[in-house]
Amino acid sequence: MPEFGHARALDAAENGEMKVILVCSSPLHLSQLMCLRPWWEQQETTWVTLRTDDAVARLDGERVVWAARPSSGLPLLAHDLRLAWRVLYDVRPDVVIRTEDGTTSPFSWISRLFGARYVELEVFDPTRQSTRIPCTTTRFTNLGDARAGQPTPC
């Protein structure tokens, strides 16, 4: 039975090693999560990402769950929900970190059911507006847009 109230995550943080799931879909976002290597190498880490040549090379030796190619529609959403449930059930993480929409959204929706802390990293790109992460998570996780200090209207 999952622990609620994030007690497990806080205990793990005090002991130094946490179970972490890192979720991303694109090679760009994988590159950005690789910048956190000094931190995630100290944790028990599971990756969820698309199988690309870059991802296979960079995650060699890591525990990886390969996600489906992004597409649209209800069949993909159903697949992604099953994937998120299976991975969260198997790993029982203390923390889930994701960087974008698509395959990663169901992890934010379901992580709380397993008592995991949830962190979203929005990529800063001065050439375009922000991603839709706040739009897909605010309704499910009570998160707001940190830049505005309030929920993002979607």
Side-chain angles (χ1 to χ4, degrees), residues 1-4 6 8-9 11-13 15-125 127-143 152 154:
M1 176 128 214
E3 295 180 39
F4 293 92
H6 306 294
R8 188 182 73 239
D11 288 343
N15 294 332
E17 184 176 295
M18 294 185 285
K19 289 182 179 180
V20 177
I21 297 177
L22 297 166
V23 189
C24 61
S25 294
S26 74
L28 172 63
H29 290 162
L30 175 61
S31 295
Q32 290 158 342
L33 285 176
M34 294 305 265
C35 293
L36 299 175
R37 180 183 290 268
W39 176 79
W40 60 255
E41 278 185 327
Q42 310 271 327
Q43 315 306 323
E44 184 179 328
T45 305
T46 301
W47 289 83
V48 179
T49 191
L50 299 176
R51 182 186 294 269
T52 62
D53 292 340
D54 182 51
V56 170
R58 287 176 166 221
L59 297 175
D60 184 40
E62 299 293 333
R63 182 177 179 191
V64 181
V65 177
W66 301 112
R69 284 257 172 229
S71 62
S72 60
L74 290 177
L76 179 66
L77 177 60
H79 175 273
D80 291 344
L81 283 166
R82 282 191 307 273
L83 174 70
W85 185 271
R86 181 177 54 88
V87 173
L88 288 162
Y89 182 83
D90 289 346
V91 175
R92 303 292 174 138
D94 300 302
V95 178
V96 175
I97 300 174
R98 81 171 189 137
T99 58
E100 60 187 308
D101 288 339
T103 300
T104 67
S105 293
F107 283 86
S108 62
W109 304 339
I110 299 173
S111 63
R112 286 180 31 173
L113 296 175
F114 288 91
R117 294 273 181 164
Y118 166 72
V119 177
E120 64 184 48
L121 300 177
E122 185 164 352
V123 178
F124 176 73
D125 183 351
T127 63
R128 65 184 180 104
Q129 291 185 343
S130 66
T131 65
R132 291 193 44 82
I133 286 177
C135 296
T136 61
T137 60
T138 301
R139 294 183 191 108
F140 297 98
T141 61
N142 298 322
L143 294 175
T152 302
C154 299

### Query
How far does CZ of R58 sit from CG of D53, to the nearest 0.5 angstrom?
12.5 Å
#### Entry: Donor-acceptor contact present, side-chain T49 to main-chain C24, <3.5 Å
yes
### Task
Flag the pair L121 / L33 as yes when at least one side-chain heavy-atom distance between them is below 4.5 Å, and no otherwise.
yes
### V65 and V91, any side-chain heavy atoms less than 4.5 Å apart
no
### Query
Can the positive tip of R92 be found less than 6.0 Å from the middle of the six-membered ring of Y89, inside 45° of the ring normal?
yes
### Query
Under 3.5 Å, side chain of S111 to main-chain N/O of Y118, donor-acceptor pair present?
no
### Query
Within the distance-only criterion (no hydrogens, no angle test), does the side chain of W47 pair as donor or acceptor with the backbone N or O of A55 below 3.5 angstrom?
no
### Gap separating the CG atom of L22 from the CZ atom of R98, nearest 0.5 angstrom
13.5 Å
### Query
Considering only heavy atoms from C-beta outward, does the side chain of V87 approach that of F107 to under 4.5 Å?
yes
#### Entry: Minimum side-chain heavy-atom gap V20-W39 below 4.5 Å
yes
### Message
Taking CG in D90 as the centre, count heavy atoms belonging to other residues, nucleotides or ligands within less than 6.0 Å. Is the count above 12?
### Response
yes
### Query
Under a 4.5 Å cut-off applied to non-hydrogen side-chain atoms, are Q43 and V95 in contact?
no
